[in-house]
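Lettering of chains follows the sequences in order, A, B, ..., and the numbering in each one begins at 1. All of these numbers come straight from a predicted model, not from anything done at the bench.
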There are 2 protein chains.
Amino acid sequence: MQLVEIQTYVAKCIATLRERGMRRTRALELVIEEMATAGRPVTIQELAAKPSLEQQCDQATVYRLVIKLLEQGLVRKLGLHERSAYFALLIPGEHHDYLVCTECGAIKSIDMSCPVKKLEKDIMKSSGFSKVYHELEFYGVCPKCA
Amino acid sequence: MQLVEIQTYVAKCIATLRERGMRRTRALELVIEEMATAGRPVTIQELAAKPSLEQQCDQATVYRLVIKLLEQGLVRKLGLHERSAYFALLIPGEHHDYLVCTECGAIKSIDMSCPVKKLEKDIMKSSGFSKVYHELEFYGVCPKCA
DNA sequence: GTAATTGCAAATACTTTGCCACGTA
DNA sequence: TACGTGGCAAAGTATTTGCAATTAC
C-alpha cells in the first residue's frame, strides 16, 4: 500500500470502530497505521517497539488494542497456536494439511492431493530460497460449535 | 497409522537417532510414540500431560526431547511464531500468503493467484465447517542465510 | 567409566489483569 | 459528566536453563 492509501485505510478502520462505540485515540491510529505499513504479520512486541508507539503508549495498551481489533474482525491471528507452539512428526508419506476450528480449537488432519506442492519449485526459482516446504491450514467453525 | 506401524516407525526413529549419538530412553520412545498416535500437531504441554509421559518424566524433559527431535529434523514446528503470536490486518484485496526464512525469521509477502481458495468450498461441503478460510505459508532458507 | 540424559528449581519471556487516573465525546 | 482507555505493576502461563544426580552404553 502507498502512504496515501494507508491514511485512507486507517481513517476507514477508525470510522468503522467508532460506529461500534470505540473511541478515536492516537494509540489506536498508530497501531493500525504501523500494521498497515509493515505489510506482513507482526508480533505485538514488534509493534510496541516501533518508535512512534514506544513513545506513545505502554506495551499493555498495544496488547489490548490488537486484541480489540481481533475481536472486531479487522485483524487476523495467524497460526494454530493458543499461546503454545505446535509440533508434528514428519512421517514419510503422511499429509500435513489441517482443518482447525476457530471456536474450540479442534485440529483434524485432512487428506487431499495437495495443490500447493507444485508451487514450491516455482518459489525456489523466483525467490532464491532453498529447502522450501509449505504449511497449509484451513480454519472455520466446526459443526458442533456452529 | 495402525498400532503395528507406529511401533515400526518408533523403532526406525530410535535407530536413526542412535546412529547420531543419542541414547535410547523410555521417555524418548514415549514422546515419539505419543506424537505418532496423536496423528496431528500437538503442544508440548499436551504431550507432557499424556498419562504415560506424565508418570514417566518431568515436563522439562519433554521440552528437551521435542527440541532435539526438531534439531534432528524428525519433527516440524508449525507456524510463524518465535514464542509470540503473529497478527496481520485483513485488508480487502490484499493477499495473505507468506514466505518465511527458517534461519533468520524474515517474513515476505508473496503475490500469487492462490490455488487454494477454490478448495475452501469443497472443504465446507465435505466437513460441515462454516466460515472457512485458509492460511498458507512457504518456509525455506533465504539467500542471505544459505 | 564416560558422556548423555534427567529432575528439580530458578530464571526468562510473553501475555493478561486489576485498579485508579485520564481523555474523548 | 460518563464511560471507554491508558499506565503501571503484579499475576499468570509458557519456555528455557543450571547443576547435581542418574542412566545408557
Side-chain angles (χ1 to χ4, degrees), chain A residues 10-11 13-34 41-50 52-72 74-87 105, chain B residues 10-11 13-34 41-50 52-72 74-87 105:
Chain A
V10 173
C13 288
I14 301 272
T16 305
L17 296 170
R18 296 260 6 244
E19 283 173 18
R20 302 187 195 168
M22 280 179 67
R23 291 183 182 171
R24 163 190 223 99
T25 64
R26 187 85 192 104
L28 176 60
E29 287 180 327
L30 283 172
V31 163
I32 300 173
E33 193 177 313
E34 292 289 3
V42 290
T43 64
I44 292 180
Q45 307 237 323
E46 219 176 318
L47 269 183
K50 305 257 181 195
S52 62
L53 277 166
E54 185 163 42
Q55 67 168 106
Q56 178 62 223
C57 68
D58 192 83
Q59 181 161 301
T61 299
V62 180
Y63 272 91
R64 283 189 274 229
L65 286 176
V66 172
I67 287 165
K68 199 157 276 185
L69 291 173
L70 196 62
E71 290 167 353
Q72 296 296 329
L74 272 70
V75 152
R76 176 173 295 168
K77 182 175 186 178
L78 278 80
L80 313 150
H81 54 277
E82 294 303 327
R83 298 204 76 179
S84 39
Y86 279 83
F87 300 85
Chain B
V10 173
C13 287
I14 301 272
T16 305
L17 295 170
R18 297 260 7 243
E19 282 174 18
R20 302 186 196 167
M22 280 180 66
R23 292 182 179 172
R24 163 190 223 100
T25 65
R26 186 84 191 106
L28 176 60
E29 287 180 326
L30 283 172
V31 163
I32 300 173
E33 193 177 313
E34 291 290 3
V42 290
T43 65
I44 292 181
Q45 307 237 323
E46 218 176 318
L47 268 184
K50 305 258 180 193
S52 63
L53 277 166
E54 185 162 41
Q55 68 168 105
Q56 178 63 222
C57 68
D58 191 82
Q59 183 162 299
T61 299
V62 180
Y63 271 91
R64 283 189 274 229
L65 285 175
V66 172
I67 288 165
K68 197 155 277 187
L69 290 173
L70 197 61
E71 290 167 352
Q72 296 295 328
L74 272 69
V75 152
R76 177 172 295 168
K77 183 175 185 176
L78 278 81
L80 312 152
H81 55 277
E82 294 301 327
R83 295 203 80 178
S84 39
Y86 279 82
F87 299 86

Check whether any side-chain heavy atom of [X] sits under 4.5 Å from a side-chain heavy atom of [Y], and report yes or no.
{"X": "B:Phe87", "Y": "A:Ile44", "answer": "yes"}
{"X": "B:Arg26", "Y": "B:Leu30", "answer": "yes"}
{"X": "A:Ile32", "Y": "A:Leu17", "answer": "yes"}
{"X": "B:Pro41", "Y": "A:Leu80", "answer": "yes"}

message: When you measure from the side chain of B:Gln72 to the backbone of B:Leu69, do you find a donor-acceptor pair of N or O atoms at a distance under 3.5 Å?
response: no

Atom-pair distance ([atom1] on [X]; [atom2] on [N]), nearest Å:
{"X": "A:Leu30", "N": "D:dG6", "atom1": "CG", "atom2": "P", "result": "11 Å"}
{"X": "B:Glu82", "N": "D:dT16", "atom1": "CD", "atom2": "C1'", "result": "14 Å"}
{"X": "B:Ile44", "N": "D:dT13", "atom1": "CD1", "atom2": "C1'", "result": "14 Å"}
{"X": "A:Phe87", "N": "D:dA14", "atom1": "CZ", "atom2": "P", "result": "13 Å"}
{"X": "B:Arg83", "N": "D:dT13", "atom1": "CZ", "atom2": "P", "result": "16 Å"}
{"X": "B:Leu28", "N": "C:dT5", "atom1": "CG", "atom2": "P", "result": "8 Å"}
{"X": "B:Arg26", "N": "C:dT6", "atom1": "CZ", "atom2": "P", "result": "13 Å"}
{"X": "A:Tyr86", "N": "D:dA14", "atom1": "OH", "atom2": "P", "result": "11 Å"}

- prompt: Starting at the 5' end of DNA chain D and moving along, which residue's nearest nucleotide shows up first, B:Arg24 or B:Thr43?
  reply: B:Thr43

- request: Strictly below 4.0 Å, heavy-atom distances to any atom of DNA chain C: list the hits from residues 16-23 of chain A, or just say none.
  value: A:Arg18, A:Arg23

message: Among residues 55-72 of chain B, which ones have heavy-atom contacts with DNA chain D below 4.0 Å?
response: B:Gln59, B:Ala60, B:Tyr63, B:Arg64, B:Ile67

- prompt: A:Gln45 side chain N/O closer than 4.0 Å to the phosphate oxygens (OP1, OP2) of C:dA13?
  reply: no

Distance test, side-chain N/O of B:Thr25 to OP1/OP2 of C:dT6, below 4.0 Å: yes

message: Between A:Glu71 and A:Lys68 (salt bridge meaning N to carboxylate O under 4.0 Å), is one present in this structure?
response: no

Rounded distance (nearest 0.5 Å) linking atom NZ of A:Lys50 with atom CD of A:Gln55: 14.5 Å

message: What's the separation between atom CG in A:Leu47 and atom OH in A:Tyr63, rounded to the nearest 0.5 Å?
response: 10.0 Å

field: Minimum-distance pair of heavy atoms, taken over all atoms of A:Lys77 and A:Leu70
entry: N-CD1, 3.5 Å

